[in-house]
Amino acid sequence: MKITVDELLPRIRVQTEGNTWSVIIVDDQDLVNAVEELAASIEIFLECKIQSIDVSSAKIQFILEIESDTDYLLLWNFSNWTNTDWQELDYMRSSLDKGKRGGMLILSQSAVEKMSSYAPNFSSWVGGRIFQMILGAEFLTTEESQSRLETLREWAGQSDMEIIELAEAHQLSSEPEYGEWLILLGRGDLIGH
Amino acid sequence: MGTDNNWIKMCMEIESRSIQSAQLEVPKAKTLYRQLLKILNDGYDAKILLTSQADIRKFLKLTDSNLQSNESEIVGGSRNFKRLKDLPHFERRDGCWFDFALILRQNNKSAEVVGFNFEIRFPESVPVKFLRFDLNLPDHNNEDHGMRFHIHPGNDDFMINAPPMSPVEILHLFLYGLVIPEKPRN
């Protein structure tokens, strides 16, 4: 199932108690960005202590790195995990139950396949909570930006060029609407110019 | 009625106090975006907000941070100069409805909110039609005469010096304050 960060957050929030785990699938090039985004967002939404652990070096020993006051775990960077590493995780899965909220594994598609094959019990524990992450859905689309620009042009009765010229001449009004206008034109640098 | 220099001076002093005490700094625009998303979701869960969670996600957006610009915008609902209710907005169960837009500038370590409009509109039965909280953009020409933070009390032409409320605080006010009285005073 494909899901955006903002769709995922309310789902995690309703899993208020219990050791609930999810798997998030991301493309390799998006891994670091996705981890940062998820850690920051979950911390805001759950209002709890998040710990993000890169499991590439310590491997299964990451369990020793879990801080006692952590409420929610983000485990990532499984790319070098061998079949044996996954089998060990499967065997030690109960060690992940810290009596808190649980956590998520952030994996590439190939790592998910390894997890399914070599950590079948953990996979069963995760159940249907496997999501393909869509990043960037929170950004205004080009169409939405153009629509807002059109509204601003109609409201002010001025063109984009007039607004830029006024801003460059330090003559543009300081009303926030003009700031939006400049940002949507890619000229936010002229704000307060 | 003209402007009085003493009054302008007082406004400058009020604004200086406001700017100093206002909480306009956030780690990143995305952080504030997610805080606002949470507040709106909380409002829905608390049965204050009628707008669905899917629509909240649809109406709350920000400009792409990958555009190599230090300035960004968070928008909540459409620009709605004519106050048309068929444009995207957030709506409370009591019929009040609102939208907002915020301008941020990313500095080295944090982002600063440098401008915003937050406007709430009331149902027909309420004598006041709307309230708008504005933070005008920084202006080195000082054309605002100390009115950078201001409220429009149901009229686009009148401005009142506003308290230094942060976007998070104004959004809370829109959700949990401004309760329509069962028995209006007059």
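Chain letters run A, B, ... following the sequence lines, proteins first and then strands; every chain starts at 1.
More than 12 heavy atoms of other shown residues, nucleotides or ligands fall within 6.0 angstrom of atom NZ in A/Lys59. Residue B/Gln23 qualifies as open at atom CD: its count of foreign heavy atoms under 6.0 Å is 12 or below. The environment of B/Lys109 atom NZ is sparse: at most 12 non-hydrogen atoms of other residues, nucleotides or ligands sit within 6.0 angstrom. The number of heavy-atom neighbours closer than 6.0 Å to CZ of A/Phe45, taken from other residues, nucleotides and ligands shown, is above 12. When the shell of 6.0 Å around NZ of B/Lys129 is examined, it contains more than 12 heavy atoms from other residues, nucleotides or ligands. For NZ of B/Lys28, the number of neighbouring non-hydrogen atoms (other residues, nucleotides, ligands) closer than 6.0 Å is 12 at most.
In this structure, B/Ser69 OG and A/Ile191 CD1 are separated by 8.0 Å, a value rounded to the nearest 0.5 Å.
Side-chain contact between B/Arg79 and A/Trp155: absent, with no pair of heavy atoms (C-beta onward) separated by less than 4.5 Å. Contact check for B/Glu71 versus A/Arg187: no side-chain heavy atoms found under the 4.5 Å cut-off. Contact annotation: the side chain of B/Arg34 approaches that of A/Asp6 to within less than 4.5 Å [non-hydrogen atoms, C-beta and beyond]. In this structure, B/Leu62 and A/Leu140 have side chains that are not in contact, with every pair of non-hydrogen atoms separated by 4.5 Å or more. Residues B/Thr63 and A/Phe139 have side chains not in contact (no heavy-atom distance under 4.5 Å, counting atoms from C-beta outward). Side-chain contact between B/Lys82 and A/Glu154 is present, with at least one heavy-atom pair separated by less than 4.5 Å.
Shortest non-hydrogen contact noted between A/Pro10 and B/Gln53 is CB-OE1, 3.9 Å. Contact between A/Pro176 and B/Asn136 at its shortest, heavy atoms only, is CD-OD1, 3.3 Å. The nearest pair of heavy atoms linking A/Arg148 to B/Ala101 is NH2-CB, 4.2 Å.
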Would A/Glu138 and B/Lys61 satisfy salt bridge (charged side-chain N to carboxylate O under 4.0 Å, His left out), going step by step from the backbone distance to the final call?
CA-CA 5 Å; A/Glu138 64 275 23; B/Lys61 292 283 183 81; over 6 Å; no

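Against chain B, the residues from residues 24-44 of chain A that qualify, each with a non-hydrogen atom under 4.5 angstrom away, are A/Glu37, A/Ser41, A/Ile44 in number order. At a heavy-atom separation below 4.5 angstrom, chain A is approached by B/Lys38, B/Asn41, B/Asp42, B/Asp45 within residues 38-45 of chain B.
Only the backbone of B/Leu135 comes within less than 4.5 Å of a heavy atom of chain A; no side-chain atom from C-beta onward does. Heavy atoms closer than 4.5 Å to chain B are found in the side chain of A/Leu9, but not in its backbone. A/Glu7 touches chain B through backbone and side chain together, each having a heavy atom under 4.5 Å away. Within the 4.5 angstrom heavy-atom criterion, only side-chain atoms of B/Phe81, from C-beta onward, approach chain A.
Applying side chain to side chain contact (heavy atoms under 4.5 Å, CB included) to B/Asn117 and the options A/Glu175, A/Glu180, A/Glu177 leaves one that passes, A/Glu177.
With hydrogens and angles ignored, the 3.5 Å screen pairs no side-chain donor or acceptor of B/Arg57 with any backbone N or O of A/Thr4.
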